[in-house]
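Reviewing the structure listed below.
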Amino acid sequence: MSARLPLRDLLREKGLLSREVIAADVGGRVVDLHTPVDADATATPITVTDPRGLAIIRHSTAHVMADAVQRLFPGTKVTIGPAIEDGFYYDFDRVDGNFTDDDLAKIEKAMRDLIKNPSPFKREVVTREQALEMFEKMGESFKVEIIRAIPEGEEISLYSHGAEGSTWVDVCEGPHVPTTSYLKAVKLTHVAGAYWRGDERNPMLQRIYGTAFPTKEALEEHLRLVEEARARDHRKLGKELDLFMFDAVAPAMPFFLPRGTFVYNALVGYVRDLYRVYGYDEVITPLAYSPELFKKSGHLENYADNMYRLWTEDEWDKVDEEADHRGGVTGAHEGLAAHSFCLKPMNCPSHCVIFGSRRRSYRELPWRVADFARLHRYERGGVVHGLARVRSFAQDDAHIFCSIDQVPDEISSFISMLYEVYQSLSFVRVDVKLATRPAQRIGTDEEWDRAEKALAEGLEKAGLAFEYAPGEGAFYGPKVEFHVLDALKRSWQLGTIQYDPNLPERFDLSYIGEDGKEHRPVMLHRAVLGSLERFFAVYLEHCGGNFPLWLSPTQAVVLSVSEKSEDYARKVTDELREAGVRVEADLSADKLGAKIRNARLMRQPYMLVIGAKEAEDGTVGVRSRDKGELGAMSVADVTKLLLEEGRSPKAGHRKGVAAPATS
RNA sequence: GCCACCUUAGCUCAGCGGUAGAGCAACGGUUUCGUAAACCGUAGGUCUGGGGUUCAAGUCCCCAAGGUGGCUCCA
């Protein structure tokens with residue numbers, strides 16, 4: 001066995017140590033300078049600007065924050081405090097109240113004071129017994145629980161920092177920065193509740209979120225990006241651009257205003273164009289159903305908490321009658337549950353009803369049935385979020401009934417369509433995940449093997465690189481998820497295609513095969529945009545309200561310079577409208593500068609300025625939202641420009657072309 | 001659902017025990033103006049709703065609704 005020495009010494013020997021280096025990659029593991037490693041180990045230095053280095057800074061900052069919190073609020077117990085995507089958090093159990101924004105400011109100041117006199121982080125290895133005794137004595141019951149959960153045989157390390165005599169210690173596997181002097185730019189952002197160990201049966205802890213960077217400049221840059229994201233927030237843009245609204249009379253159910261409705265319908269129209277090319281049949285189905293349907297589909301058993309129920313006076317009477325029979329009101333709840341109609345939360349049962357309504361032949365398969373029906377799901381109060389998570393929405397939903405042999409082709413064709421849509425909507429990067437069998441599931445292992453293989457084959461057929469997401473599948477079958485990155489590099493799951501042998505079984509669906517015998521079809525659930533409401537939110541933030549011309553509710557706005565050119569402005573507006581351009585006119589008494597400002601705030605794609613000069617020459621002064629001033633153009637040329645640029649993407653341009661592999 | 005916070009004019013926000021405010025928008029008037037905000041005036045409010053404390057409540061307390069940030073959930 002080779003000798004061991006702290007990584008710091010190893011790096012120094014090799015001349016790899018500098019002020020910028022705070023850790024190293026040793027055999028794929030991130031090891032800080034405090035930790036002993038084999039003397040002959042290969043170590044690749046990690047600097048403060050490396051993403052892994054950044055995580056170390058943040059994690060160490062979390063320790064200093066916990067230190068500050070316990071100084072300011074004695075009796076507060078610590079739990080865990082990891083680095084996360086853009087910062088860190090630490091969960092506390094505070095006995096005497098909650099953290100306020102004022103507290104955050106105090107904590108931040110206390111942290112700065114602690115950092116002002118730099119002290120080294122120190123690492124110490126202790127036995128399980130020592131650790132337990134220590135934290136029990138400190139009354140840190142959560143830490144004791146954590147120590148107990150550390151697997152037997154694993155090293156238990158303590159990290160401490162702080163001036164001699166007032167050090168702060170935490171059981172922690174690291175890694176950490178060499179000294180607190182590396183913590184230069186810290187900002188506490190907000191407080192939130194969080195369950196201990198993420199389980200809602202456990203007590204609620206108080207989580208403080210913060211972020212940290214190697215330099216003040218980097219922190220400021222980050223805060224600027226946060227600010228930018230806030231300015232693009234779809235809820236803010238929705239209000240500013242008159243796209244949609246909410247009202248307490250229908251909580252978490254959006255009202256789309258005329259401009260938003262245009263965009264929504266244009267998206268649906270585009271998907272419909274694709275359906276023609278890709279061989280889908282669209283249907284229109286009821287929104288409300290007898291509970292019998294959802295009993296059969298299993299939704300009442302598994303999904304009742306999320307379902308809206310409806311009743312009529314007749315149904316109430318039936319409930320009363322039954323209660324009378326039993327001699328009282330007992331059972332009214334069951335009665336209501338048995339009789340009241342259900343607002344559908346999903347389209348699949350409706351489509352099973354259609355498929356099962358008559359005998360089907362193998363010649364009809366695959367049958368792709370699309371539906372834009374409005375769905376209602378009761379989402380718990382705390383989870384709704386603007387348009388991104390609502391209780392009333394529609395999906396670009398379709399179900400494909402087919403034989404299992406047809407699954408790979410269906411997947412591959414679906415992927416062509418999906419990539420076509422994402423490209424048209426300028427989502428550059430797509431990550432694909434294949435979610436496989438979860439622990440709780442129905443069906444045999446052989447069935448799962450077949451289903452997962454069929455999906456993987458489809459992906460390969462489409463030439464797609466994908467990752468597995470083990471255990472993330474639905475209880476009835478595996479699924480493929482498509483995640484896109486938006487303009488602000490946030491990831492959203494939009495499309496999905498899921499394999500479902502369960503519903504055909506429950507609805508006893510069958511088709512007559514070539515052999516004249518009955519066969520059970522499988523069903524694929526699929527959506528490209530997913531919830532249209534959520535997609536609307538994602539896309540609105542992606543484009544920052546700058547809709548491309550084909551999606552823009554208004555394509556051009558005519559701005560008159562003064563009253564003198566009003567008549568010509570009207571004439572041009574009428575001509576454009578007749579040619580099929582969505583045009584508005586601003587003939588108000590405002591000055592041109594104000595009109596341009598208003599049009600820009602509304603993200604109008606084209607501004608057509610009309611003054612005496614244009615009236616005389618029979619032209620318009622064209623100013624583009626995206627390209628700036630384009631100069632004078634004839635009305636005919638502008639019309640041509642707007643109509644051409646305003647065409648919706650041509651459907652089917654990718655049909656039959658394999659999708660590119662994504663990285 | 002849980003924890004915290006928020007809700008004042010159409011919008012954005014100020015006021016934090018002592019007679020409800022500003023800017024923008026709206027409306028009326030003046031101005032007719034050339035590429036991101038003309039000027040003057042008018043109107044607009046059960047301060048989310050309901051209880052309470054107080055001589056006095058947007059302001060303090062309780063309850064409810066809606067929203068926000070997290071957590072949990074997301075067939």
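First the proteins, then the strands, lettered A, B, ... as listed; each starts at 1.
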When the [atom1] atoms of [M] and [N] are compared, how many Å lie between them, rounded to an integer?
N     : M     : atom1 : value
B:U53 : B:G17 : C1'   : 12 Å
B:C39 : B:C33 : C1'   : 13 Å
B:C3  : B:G15 : C1'   : 29 Å

If the cut-off is 4.0 Å, is A:K613 near the phosphate of B:G34, judged by side-chain N/O to OP1 or OP2?
no

Between A:Y209 and B:C71, is there a side-chain N or O to OP1/OP2 distance below 4.0 Å?
yes

Can you tell me whether the side chain of A:Y195 and the base of B:G1 have a donor-acceptor pair closer than 3.5 Å?
yes

Using whole Å, what does the distance between atom C1' of nucleotide B:C73 and atom CZ of A:R389 come to?
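For the pair A:R389 CZ and B:C73 C1', the rounded distance is 6 Å.
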
Expressed as a whole number of angstroms, how long is the span from A:F99:CZ to B:A4:P?
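Spelled out: CZ on A:F99 to P on B:A4 is 13 Å.
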
Would you mind classifying the nucleic acid contact of [X] as base, sugar-phosphate or nothing, using non-hydrogen atoms under 4.0 angstrom?
X      : value
A:R380 : base
A:G386 : sugar-phosphate
A:H385 : sugar-phosphate
A:A192 : base
A:E614 : base

